[in-house]
There are 2 protein chains.
Amino acid sequence: MNIRTLCLGILHFRDATGYEINKAASEGSFSHFVMASYGSIYPTLTKLETDGLVSCREETEPGKPTRKVYSLNEEGRSALIEALSQEPRGDVFKSEFLFLSLFSNLLDPAHISSAVDQQIARVRDEINHLEEACEKCSKHASSRFAIGYGKAVNAAALDYLLKNRHRIEQSGKRNENEYEPPLQEVMG
Amino acid sequence: MNIRTLCLGILHFRDATGYEINKAASEGSFSHFVMASYGSIYPTLTKLETDGLVSCREETEPGKPTRKVYSLNEEGRSALIEALSQEPRGDVFKSEFLFLSLFSNLLDPAHISSAVDQQIARVRDEINHLEEACEKCSKHASSRFAIGYGKAVNAAALDYLLKNRHRIEQSGKRNENEYEPPLQEVMG
DNA sequence: CTCGTCATATATCGTTCCTATATATATCAG
DNA sequence: CTGATATATATAGGAACGATATATGACGAG
């Protein structure tokens with residue numbers, strides 16, 4: 001999903017500045033399943049305005065930098081619905097942690113343990129964050145559905161990490177892991 | 001994680017061509033937590049060779065296109081270990097499906113149902129794929145750990161989808177969902 | 001027997017998007 | 001008063017994706 005649709009989607013819920021869109025995408029409850037950064041958001045908003053899908057008003061309060069507040073117009077709303085009517089593509093999941101785990105027998109055991117600890121901490125943070133978000137969205141069924149999905153998935157990840165971390169930490173049993181698989185086995 | 005490290009990592013397990021690296025990254029068991037495409041793999045392999053981290057031999061079989069088979073050398077192995085020694089960043093999860101689900105009250109119910117069906121199908125495919133991969137990697141503890149993580153997470157997602165799909169399908173009870181939340185609630 | 005399709009294999013163009021940084025102001029803590 | 005944090009806009013530079021072009025062999029459908 002492109003940043004264009006993301007911006008339209010966020011602006012559907014409320015008028016917002018580029019800064020606020022970035023916050024929604026990287027800290028808010030959107031952040032669990034989207035990604036965006038200033039480098040894409042600001043140019044996209046400019047483009048969206050020249051394309052006539054959003055309008056922009058400048059709010060100038062004395063002594064403060066000018067805020068450019070964008071709002072979705074009817075054309076933008078249509079464009080959003082059209083974009084959402086495409087078949088969604090499959091989820092994207094990338095994990096440096098799991099990639100690293102493949103090479104656990106090459107690395108310092110302390111580094112592996114630390115990586116696992118941090119992974120667990122991140123998953124716990126995510127769950128807490130989702131918990132909070134859930135309370136704030138109590139009235140919006142769709143948000144609760146998306147947040148619930150995140151909670152279910154992260155709870156499973158946490159459980160798995162706690163129960164299986166020993167399998168890459170291998171507490172001194174290095175030899176079991178010396179077998180190096182040919183790529184067929186690793187490739188499927 | 002950059003494509004450079006990904007290539008080094010895959011070449012650690014076995015010598016491979018660009019084509020095979022792409023396969024490993026987009027169909028093999030690596031595919032559950034990495035992403036790569038030809039547009040990044042081929043230039044990266046060329047760069048890796050000029051940087052002296054991999055060596056390349058051309059295998060020319062008569063009547064077939066030349067294969068460029070890359071293999072990791074000692075310098076490449078060191079570079080891999082150094083890259084893996086950095087603290088891994090948090091996982092990246094992007095879901096067009098969950099984004100779409102936020103707007104379920106704007107969209108054709110049939111489209112939502114179809115999207116859910118397809119999401120369920122994709123998750124089931126993923127689980128089957130991981131199941132197969134697991135059997136092939138039976139001797140490699142680290143691979144089994146990473147695959148197990150994927151299975152746990154996808155199983156949770158499947159379970160959630162089956163039990164909660166009605167919450168965005170809302171079978172005729174449109175009114176419950178007409179409340180439109182201010183962005184604060186959606187942003188957390 | 002030929003035609004289309006799929007698997008193997010390399011390569012690159014154009015576009016999208018991320019990372020990092022620069023700039024500016026206000027506030028709050030130490 | 002100094003540094004950190006939050007608000008807010010903007011862009012340069014590079015990384016990576018998505019799509020496509022090219023070429024060959026194999027294999028089944030018609």
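A, B, ... follow the sequence lines: proteins, then strands. Residue 1 opens every chain. Just so you know, these numbers use all the heavy atoms, side chains as well, and skip hydrogens, waters and symmetry mates.
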Working note: A:K23 + A:E27, criterion salt bridge (Lys or Arg N to Asp or Glu O under 4.0 Å); need CA distance, chi angles, decisive distance, verdict.
CA-CA 5 Å; A:K23 252 188 87 173; A:E27 294 173 48; 5.1 Å; no
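Counting non-hydrogen atoms under 4.0 angstrom, A:S37 reaches a base of the nucleic acid. Within the 4.0 angstrom heavy-atom criterion, only backbone atoms of the sugar-phosphate kind lie near B:R89; the bases stay farther away. Within 4.0 Å (heavy atoms only), B:G39 reaches at least one base atom of the nucleic acid. Residue-level contact check: B:T44 touches neither bases nor backbone, having no heavy atom under 4.0 Å from any strand.
Proximity of B:K23 to the phosphate of C:dA7: no side-chain N or O atom is located under 4.0 Å from OP1 or OP2. For A:S40 and C:dC17, the shortest distance from a side-chain N or O to OP1 or OP2 is not below 4.0 Å. Side-chain N/O atoms of B:Y42 include none lying less than 4.0 angstrom from OP1 or OP2 on C:dA11.
Between A:S104 and A:R167, every side-chain heavy-atom pair lies at or beyond the 4.5 Å cut-off.
At whole-Å resolution of the value, CZ in A:R67 and P in C:dA24 are 21 Å apart. Taking atom CD of residue A:E27 and atom C1' of nucleotide D:dT5, one finds them 12 Å apart after rounding to whole Å.
Residues B:R122 and A:D91 are not paired through a salt bridge, judged by the lack of any N-O separation under 4.0 Å between the basic side chain and the carboxylate. For B:K151 and B:E131, the salt-bridge test passes: some basic side-chain N is under 4.0 Å from an acidic carboxylate O.
Between B:M1 and A:Y19, the residue anchored nearer the 5' end of DNA chain D, judged by the nucleotide with its closest heavy atom, is A:Y19.
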